[in-house]
Amino acid sequence: MSKRIEAVQSVKGTRDLMPPETSVWQRVEEEARRVLRAYAFREIRTPILESTALFARSVGEDTDIVSKEMYTFQDRDNESLTLRPEATASAVRAYIEHRLFNEGGLQKLYYMGPMFRRERPQKGRYRQFYQIGAEALGSDHPAIDVESMEMLVLLLEQLSVQEFTLLLNSVGCPRCRPEYLKVLRHALEDVRANLCRDCQRRAVTNPLRVLDCKVEADQPIIEQLPRMADYLCPECRQHFEAVKDGLESRRIDYRQAPRLVRGLDYYTRTTFEITCSALGAQNAVLGGGRYDGLSEMLGGPPAPGFGFAIGEDRLALVVMDSIAKQLELGPLAYVAWIGEAALGSAENLARALRRQGISVEISHQPMKLKKSLGTASKLAARFAIIIGEGELESGRYQVKDMTTGQQTEIETNQIERYLQQNSARAI
RNA sequence: GUGAGCGUAGCUCAGCUGGUAGAGCGCCAGACUGUGGAUCUGGACGUCGCGGGUUCGAAUCCCGUCGCUCACCCCA
């Protein structure tokens, strides 16, 4: 007996994006491109596959991402390759490789595409996920930080995202951060016993994480812990103040988040995140910050930078409810033909309209008119064009507006114009 | 990687303490042979996630496995 063949399914943590969801993604990407272009960012496309060393050196050997989440394999010539877990490293690598620093001034680049991290999937977290990111390289001016955040807030507004919070912090630089960590560790030793179980562990493994604890009972203790902001060196402090002033003068709401910690080693000074309550546990829609030493870590010249990544999966999730329905547009016209004699004329009309970029659907099989209109209705077509014996003879086709039920006879060569004029919406 | 919950028709789900499957929505057809969305009537559709075990008998109980969800962790 033959055994039933098991259906192959998508691999864990990856998924197919299907209509109507894809129309939300298209909307998000269109708007992102528009806003990025408005702020003079230009697109780059880097490989998804990179040398493992790139991420080890930039993101950091000891981070979770590098130490346990990367898809890494030996190529046939034994080179170690990795599916990118993020793209800032790639962007900076490309910046160095193509000597963009020789062009002087600021280089503003953006990218979008899939990233890979082998984590346990859950809502808003996938093994293949998508980011839209941008990097501004070649300046450490605080206005870069402010302008980027301004742009992101604009993007969210354009996408009608309602409830979001901008969280801001400074993680200092290689000069002042170690000093703070020492102080924090010391402070934690005294209060450790009173913290929750998780924090007792974090106090040793990753003291910064204690600051991010959500347990109610721990909050009073955490409040009392030393803050990075109080240990910034003069330069970092000045930068932080300038960023805050910039946001305030532009009327951009933010919340200072002394506990906001980012898990990548290359961050310096400004770090930020925008969260959305609608997302649940994985509530960060986007995040980023400054990385003034990254170029040098990757063998390039000094080139301070600021960048961010938007979690497209999460942003799409937030945008979904509000606009998914209104984005689902059917074809502008459905061609309903009656009888084999009308098929040729119907196909000619469909082709002519389609060549003008008008979205048209047509049946390749004979159907009763009733069924044709039912299909047009189901597809949410705006118009149905009816072509039968009478229409063939007169050369005037019936054009029915499916929203009003109104029907008009239109000269064949006038149909395109009629459709354009009588539809308020885009093709 | 750890812990918990869940996988039954295309979708949302019901199925009590084991007696080999049901509803709503959707789909198809007809009432209505060139006019859709409403109504009525009829119809099709299930590897009960997969594999094994217990049993006379398993969607139901047990074990394993895959997947999803939630939390931890981490981050986008």
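Letters A, B, ... are given to chains in the order of the sequence lines, protein chains preceding strands, and every chain is numbered from 1. Please read all numbers here as calculations on a predicted model, not as lab measurements.
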Say whether, by atom type as modelled, one donor and one acceptor occur between the side chain of A/R255 and the main chain of A/L168 under 3.5 angstrom. no
Rounded to whole angstrom, note down the P distance from B/rG64 over to B/rG3. 12 Å
Any donor-acceptor pair, under 3.5 Å, between the side chain of A/Q407 and the base of B/rU35, if you only look at N and O atoms? yes
Scan A/M115 against the nucleic acid and name what it touches under 4.0 Å (heavy atoms): base, sugar-phosphate only, or nothing. nothing
Check the distance between B/rG1's P and A/M70's CE and give it to me in whole angstrom. 17 Å
Between A/R125 (CZ) and B/rC68 (P), how many Å, whole number? 12 Å
The criterion is salt bridge (charged side-chain N to carboxylate O under 4.0 Å, His left out); which residues satisfy it with A/R250, sequence neighbours excluded? A/E150
Distances for protein N or O near nucleotides 27-33 of chain B N or O, under 3.5 Å:
unit_1, atom_1, unit_2, atom_2, d
B/rC28, OP1, A/K378, NZ, 3.1
B/rG30, OP1, A/K368, NZ, 2.8
B/rC32, O2, A/K370, NZ, 3.2

Verify whether the ring centers belonging to A/Y291 and A/Y266 lie closer than 6.0 Å. yes
Can you tell me, in whole Å, how much space there is between the C1' of B/rG15 and that of B/rG34? 47 Å
Heavy atoms under 4.0 Å, any strand shown: does A/L286 hit a base, just sugar-phosphate, or nothing? sugar-phosphate
Under 4.0 Å, counting only non-hydrogen atoms across every strand here, what does A/Q9 touch: a base, just sugar-phosphate, or nothing? sugar-phosphate
Proximal nucleotide (of B/rG36, B/rU35, B/rA76) relative to the A/I386 side chain: B/rU35
Whole angstrom value for the distance that separates P of B/rA76 from CH2 of A/W25: 16 Å
Using the C1' atoms only, state how far B/rG30 lies from B/rA14, rounded to an integer number of Å. 31 Å
Residues, nucleotides or ligands: over 12 heavy atoms within 6.0 Å of A/D253 CG: no
A/R127 CZ - B/rC74 C1' separation (whole Å): 13 Å
When the P atoms of B/rA58 and B/rC48 are compared, how many Å lie between them, rounded to an integer? 12 Å
Between B/rA76 (C1') and A/L156 (CG): distance, integer Å: 13 Å
Return no unless some side-chain N or O of A/K12 is found under 4.0 Å from OP1 or OP2 of B/rG67. yes
Verify the contact: side-chain N or O of A/R120 to OP1 or OP2 of B/rG3, cut-off strictly under 4.0 Å; return yes or no. no
Set out, in order, the CA-CA distance, both residues' side-chain angles and the distance that settles salt bridge (charged side-chain N to carboxylate O under 4.0 Å, His left out) for A/R15 and A/D313, then state yes or no. CA-CA 11 Å; A/R15 64 206 175 122; A/D313 306 75; 2.7 Å; yes
With the side chain of A/R118 defined as its heavy atoms from C-beta on, choose the nearest nucleotide among B/rG1, B/rG34, B/rA76. B/rG1
Could you check whether any side-chain N or O of A/S148 sits under 3.5 Å from a backbone N or O of A/I144, counting only pairs where one atom can act as donor and the other as acceptor? yes
Counting a pair only when it is Watson-Crick or G-U and both distances are under 3.5 Å, which runs of at least 3 such pairs involve RNA chain B? B:1-7 with B:66-72, B:10-13 with B:22-25, B:27-31 with B:39-43, B:49-53 with B:61-65
Interatomic distance, CE@A/M151 vs NZ@A/K108, rounded to 0.5 Å, equals 7.5 Å
Touch class at under 4.0 angstrom, heavy-atom based, for A/G287 against every strand present: sugar-phosphate
Over 12 non-hydrogen atoms of neighbours within 6.0 angstrom of CD in A/E163: no
Heavy-atom nearest nucleotide on RNA chain B taken for A/T403 and for A/G288; more 5' hit belongs to A/T403
What pairs of nitrogen or oxygen atoms, one from the protein and one from nucleotides 5-7 of chain B, lie under 3.5 Å apart?
none

Looking at A/E389, I want to see if its CD is surrounded by more than 12 non-hydrogen atoms of other residues, nucleotides or ligands under 6.0 Å. no
A/G339 near the nucleic acid: base, sugar-phosphate alone, or nothing, with a heavy-atom cut-off under 4.0 Å? nothing
Quiz question: by atom type and distance under 3.5 Å, do the side chains of A/E50 and A/T82 form a donor-acceptor pair? no
Using a heavy-atom cut-off of 4.0 Å across all strands, would you classify A/A376 as base, sugar-phosphate, or nothing? nothing
To the nearest Å, give me how far apart CH2 (A/W337) and C1' (B/rU35) are. 17 Å
Just how far, in rounded Å, is P of B/rC70 from CG of A/N283? 13 Å
Counting the atoms with a prime plus P, OP1 and OP2 as sugar-phosphate, which does A/Y126 contact under 4.0 Å by heavy atoms, base, sugar-phosphate, or nothing? base
Rounded off to whole Å, could you give me the CG-to-P distance for the A/L279 and B/rA71 pair? 11 Å
A/P121, nearest nucleotide to its side chain (from B/rC68, B/rC66, B/rG34): B/rC68
Gap between atom CH2 of A/W25 and atom CG of A/L315 - 0.5 Å precision: 9.0 Å
base_contact_polar (B/rU69 base, A/K123 side chain, donor-acceptor, <3.5 Å): no
Residues forming a salt bridge (charged side-chain N to carboxylate O under 4.0 Å, His left out) with A/E157, sequence neighbours excluded: none
Could you say whether the aromatic ring of A/Y130 and the base of B/rA76 stack, counting only centre distances under 5.5 Å and plane angles under 30°? no
Rounding to the closest angstrom, what is the interatomic distance between B/rU17 and B/rG10 at atom C1'? 33 Å
Nearest-angstrom distance, C1' atom, B/rA31 to B/rA38: 14 Å
Sugar-phosphate, base or nothing in reach of A/G133, heavy atoms under 4.0 Å: nothing
Is there a donor-acceptor contact under 3.5 Å from the side chain of A/R45 to the main chain of A/Y111? no
Across the strands shown, which category fits A/E69 at heavy-atom distances under 4.0 angstrom: base, sugar-phosphate, nothing? sugar-phosphate
Between A/E29 and A/R34, is a salt bridge (charged side-chain N to carboxylate O under 4.0 Å, His left out) present by the stated rule, with each step listed? CA-CA 8 Å; A/E29 286 166 17; A/R34 212 175 68 84; over 6 Å; no
For B/rC70 and B/rC11, measure between their C1' atoms and round to the nearest Å. 23 Å
Return no unless some side-chain N or O of A/Q122 is found under 4.0 Å from OP1 or OP2 of B/rA71. yes
The answer to which of A/K68 and A/S10 contacts RNA chain B further toward the 5' end, by nearest nucleotide, is A/S10
Which pairs would a plain distance check flag for residues 56-67 of chain A, meaning a side-chain donor or acceptor within less than 3.5 Å of a matching protein atom at least two apart in sequence or in another chain?
unit_1, atom_1, unit_2, atom_2, d
A/S58, OG, A/L54, O, 2.8
A/T63, OG1, A/G60, O, 2.8
A/T63, OG1, A/V66, N, 3.4
A/S67, OG, A/T63, O, 2.8

Nearest to the side chain of A/E391, which nucleotide is it out of B/rA76, B/rG34, B/rC70? B/rG34
Using the C1' atom in both, what is the distance from B/rG7 to B/rU60, to the nearest Å? 14 Å
